[in-house]
Amino acid sequence: MNSPWKGKAKATNQDYDDLRPTITYRHLLSNNLGVRDPLRVVALCDSDAFYAACERIRLELDPSVPIVVQQWESLIAVSYPAREFGISRMDKIKDAKKKCPNLLAVHVATYKEGEKEPGYWTDIDTRTHKVSLDLYRRESNKIISMFKEALPTGEVEKASIDEAFIDFTRPVREQLLERYPYIAQVPVDAPNGIDSPLPPPPPIKWDDLGTVILPEEIDSAGEQSNIEVDGDATWHDVALSIAAELMRKIREDIHSKLGYTTSAGIARNKFLAKLCASYKKPNSQTILRNRAIPDYLHPLPFQKIRFLGGKLGDALAKEYDVSTVGDLLTVSLDEIQSKFGENALWVYEFLRGIDRTEVKEKSALFKSMLASKNLPKPIIQPSDGHQWIRILAAELALRLNDARVSMPTLWPKSIVLHARKGYETSRSKQATFPFVRNVTVDVIATAADKLWKDLTDDAKTVNITSVQLAFTGLEKTEMGQKSIEGFFTTRDVQQTSLKRSREDDEPLVSPEKTLPTSSYVEAVSFKCTRCRKTIALREDQATGGPNEVAQRLATLRSEHGDFHFAQDLAHSTDGSVPVPRGSSSKRKKVESEGIAKFFIKK
DNA sequence: GTGGATGAG
DNA sequence: CGCTCATCCAC
């Protein structure tokens with residue numbers, strides 16, 4: 001009999017009574033057990049000192065160089081070689097350099113007023129620049145793609161810019177059946193048919209699969225090699241070992257192809273995978289077997305558990321005046337429920353190594369997209385807001401169009417501008433985002449400028465200390481196949497003139513006083529019959545001779561038609577980014593600068 | 001629709 | 001630590 005830990009025998013043993021479930025042929029052969037699958041295996045894989053690694057690779061440096069990434073005066077990433085010098089994220093750049101004179105400090109890329117794309121400038125100033133995490137997002141996506149490619153039947157959930165959960169249950173199941181064909185069929189003489197338990201599992205070779213966490217009594221008996229002669233292994237352990245094997249291969253692949261080292265945790269569910277991923281870093285992986293769970297969790301400060309790191313964890317600690325998981329095991333579910341209501345059940349289960357949350361790819365990847373900037377020097381003149389808006393707009397344009405490479409039909413329902421005035425809480429304004437094909441800086445900035453006007457109203461002076469610009473309601477727009485016809489009838493669309501009744505949604509550039517002077521303003525937009533949006537020329541395109549403007553408007557209409565075509569095409573085929581037809585060639589380069597650029601990236 | 005709270009890193 | 005980003009929910 002294993003006594004999981006000393007001192008607290010009986011009552012808590014039951015807390016972990018699901019660690020060795022009997023596994024039957026039904027479990028193995030049925031396909032949709034989901035989170036209750038006794039052979040479930042989940043991994044959390046995260047990149048080591050990710051931002052630092054991105055910069056190191058961008059600069060083609062040796063992995064051994066001590067490098068940190070700085071954001072203004074503080075550090076946001078410290079490479080492992082730099083940590084050897086005792087540098088931590090809390091340090092100021094100066095202290096870090098004191099600890100390591102050879103330290104390479106790279107400032108994150110920034111958007112700079114007047115520049116369309118983020119870059120690495122020499123004159124970085126928090127008053128005029130805004131940090132860009134773009135490089136890291138792109139690199140992150142590469143890694144995620146490799147997970148998905150390697151595991152066509154696995155589920156991959158991006159958890160943050162440098163972490164992903166991977167559900168290995170299916171890939172492992174496939175391997176189990178392939179490697180051990182004798183369990184793929186219920187034996188004729190099985191006593192309970194498909195509900196008979198599986199035969200004893202094969203011996204497991206844990207060598208090279210990572211660090212295997214062991215229960216205390218085995219662990220203290222020393223000799224990791226003991227586990228190889230462990231007669232107590234289960235089929236779940238086999239499953240873990242296969243996942244570890246797959247995980248290791250993928251990690252090696254990522255390392256050789258992209259250069260990043262990663263650390264992974266492999267266990268029966270998400271929270272345990274996440275927990276043991278940090279057991280040993282960098283460039284390593286850790287496996288938590290079910291039988292080791294009680295000993296592993298018992299002494300653990302529960303505030304290290306995902307979602308218990310904040311107020312909830314504090315409240316728990318305070319309420320019961322305790323700090324470890326073991327301490328909390330004596331608290332009944334009812335008791336927790338009476339004080340923590342909603343959260344009680346999952347807290348209770350987490351403490352017992354249970355986590356029923358699924359690994360699920362986020363369908364939209366995200367529901368909103370936000371770019372923000374705290375202003376060291378507050379905006380006083382409302383007119384000074386525009387420069388920041390353009391910078392935020394540039395970031396959003398880049399990110400949205402980037403996301404569209406893999407998701408061409410991604411569309412934001414609305415755009416929101418937040419501004420905080422001094423100490424006051426922030427105020428916001430939002431509007432429906434216009435349905436234009438090319439989401440350029442200008443399109444976004446124009447929409448945002450309007451919101452800005454609403455927010456600052458007509459105040460002569462303001463005191464704005466923070467600005468945030470966001471897309472919300474980001475979704476894949478679904479469109480019918482027949483709408484391709486819509487493209488071919490674009491001519492009709494073009495004929496459609498501005499004289500429409502009344503609009504229920506705001507046009508991007510409404511003919512009103514927000515726009516300066518130009519007498520053409522009212523003639524520089526059209527309303528598409530298809531999407532019922534008003535599409536307008538940029539302000540700077542709306543100037544010049546009437547013929548010129550008319551020409552540009554025609555181009556715009558054509559592009560808009562292209563947009564519908566592209567959307568439809570993307571929807572009806574494989575999702576690859578379609579090339580707009582016969583457009584740009586005959587187009588003058590007058591205005592394409594900010595346009596083509598964004599649609600087809602690179 | 002707006003703003004606050006929470007949490008991750 | 002200060003900053004950046006995302007989600008959820010009450011009003």
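In what follows, every chain begins at residue 1, and chains take the letters A, B, ... in the order their sequences are listed.
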Between atom CG of A/Leu288 and atom CD1 of A/Ile266, what is the distance when rounded to the nearest 0.5 Å? 10.5 Å
What's the separation between atom CZ in A/Phe302 and atom CG in A/Leu297, rounded to the nearest 0.5 Å? 13.0 Å
OP1 or OP2 of C/dG2 versus the side-chain N and O atoms of A/Asn374: is any pair under 4.0 Å? no
Give the C-alpha distance, both sets of side-chain angles, the deciding distance and a yes or no for salt bridge (Lys or Arg N to Asp or Glu O under 4.0 Å) between A/Asp134 and A/Arg399. CA-CA 8 Å; A/Asp134 224 67; A/Arg399 286 172 58 189; 5.4 Å; no
Under 3.5 Å, which donor-acceptor pairs do the side chains of residues 123-131 of chain A form with other protein atoms, sequence neighbours left out?
{"unit_1": "A/Asp125", "atom_1": "OD1", "unit_2": "A/Arg127", "atom_2": "N", "d": "2.7"}
{"unit_1": "A/Asp125", "atom_1": "OD1", "unit_2": "A/Arg127", "atom_2": "NE", "d": "3.2"}
{"unit_1": "A/Asp125", "atom_1": "OD2", "unit_2": "A/Arg127", "atom_2": "NE", "d": "3.1"}
{"unit_1": "A/Asp125", "atom_1": "OD2", "unit_2": "A/Arg127", "atom_2": "NH2", "d": "2.7"}
{"unit_1": "A/Thr126", "atom_1": "OG1", "unit_2": "A/Lys373", "atom_2": "NZ", "d": "3.3"}
{"unit_1": "A/Thr128", "atom_1": "OG1", "unit_2": "A/Asp125", "atom_2": "O", "d": "3.4"}
{"unit_1": "A/His129", "atom_1": "ND1", "unit_2": "A/Asp125", "atom_2": "O", "d": "3.2"}
{"unit_1": "A/Lys130", "atom_1": "NZ", "unit_2": "A/Glu395", "atom_2": "OE1", "d": "2.6"}

Please report, rounded to the nearest Å, how far the C1' atom of C/dC5 is from the CD atom of A/Gln468. 9 Å
A/Lys367 has its side chain closest, among C/dT4, C/dC1, C/dC8, to C/dC8
Output field dot_bracket for DNA chain C (Watson-Crick or G-U, both distances under 3.5 Å, | for other-strand pairs) contains ..|||||||||
Would you say a side-chain N or O of A/Lys158 is under 4.0 Å from OP1 or OP2 of C/dC5? no
Between N or O atoms, less than 3.5 Å apart, protein on one side and nucleotides 9-11 of chain C on the other: list the pairs.
none

Looking only at the side chains, is there a donor atom on one of A/Arg251 and A/Thr262 sitting less than 3.5 Å from an acceptor on the other? yes
Just checking A/Gln70: base, sugar-phosphate only, or nothing, at a heavy-atom cut-off of under 4.0 Å? nothing
Show me the pairs that pass salt bridge (Lys or Arg N to Asp or Glu O under 4.0 Å) and involve residues 303-322 of chain A, at least two apart or across chains. A/Glu319-A/Lys339
Touch check for A/Arg420, heavy atoms < 4.0 angstrom, all strands: base, sugar-phosphate only, or nothing? nothing
Looking at CG of A/Leu469 and OG of A/Ser372, how far apart are the two atoms once the value is rounded to the nearest 0.5 Å? 10.0 Å
Rounded distance in Å - CG (A/Leu469) to P (B/dT2): 14 Å
In whole angstroms, how far is the C1' atom of C/dC1 from the CD1 atom of A/Ile76? 13 Å
Salt bridge (Lys or Arg N to Asp or Glu O under 4.0 Å) with A/Glu349: which residues, sequence neighbours excluded? A/Arg356
What is the ring orientation for A/Trp346 with A/Phe307, classed by angle as parallel under 30°, tilted 30 to 60°, or perpendicular over 60°? perpendicular
Should the ring pair A/Phe433 and A/Trp411 be called parallel, tilted or perpendicular, given that the plane angle runs from 0 to 90° and is split at 30 and 60? tilted
Determine the contact category for A/Ser74: base if any of its heavy atoms lies under 4.0 Å from a base atom, sugar-phosphate if only primed atoms, P, OP1 or OP2 are that close, otherwise nothing. nothing
To the side chain of A/Gln430, which of B/dG1, C/dT4, C/dG2 is closest? B/dG1
Picking from C/dC5, C/dT4, C/dT7, the nucleotide nearest the side-chain atoms of A/Trp72 would be C/dT4
Roughly how many Å is it from CZ in A/Arg137 to P in C/dC5, rounded to a whole number? 6 Å
If only side-chain N and O atoms of A/Arg427 are considered, is one of them under 4.0 Å from the OP1 or OP2 phosphate oxygen of B/dT2? no
For A/Gln71, answer base if it contacts any base atom (sugar-phosphate contacts may also be present), sugar-phosphate if it contacts only those atoms, and nothing otherwise; contact means non-hydrogen atoms under 4.0 Å. sugar-phosphate
When rounded to whole Å, the OH to P distance for the pair A/Tyr51 and C/dC3 reads 16 Å
Kindly say whether A/Pro378 contributes a backbone atom to a donor-acceptor pair with the side chain of A/Asn463 at under 3.5 angstrom? no
Nearest-0.5 Å distance that lies between atom OG in A/Ser47 and atom OH in A/Tyr136: 13.0 Å
What's A/Lys429 touching, base or sugar-phosphate or nothing? Going by heavy atoms closer than 4.0 Å. sugar-phosphate
Would you classify A/Lys413 as touching base, sugar-phosphate or nothing, given that sugar-phosphate means primed atoms plus P, OP1 and OP2, and contacts are heavy atoms under 4.0 Å? nothing
Rounded distance (Å) that lies between atom C1' of C/dT7 and atom CG of A/Leu370: 12 Å
Per-nt protein contacts along nucleotides 4-9 of chain B (heavy atom under 4.0 Å; B base, S backbone sugar-phosphate only, - none) come out as S-SSSS
Side-chain donor-acceptor contact under 3.5 Å, A/Tyr120 with A/Glu55: yes
Whole-Å gap separating C1' (C/dC1) and CG (A/Leu75): 11 Å
Atom CD1 of A/Ile87 and atom C1' of C/dC1 are separated, to the nearest Å, by 17 Å
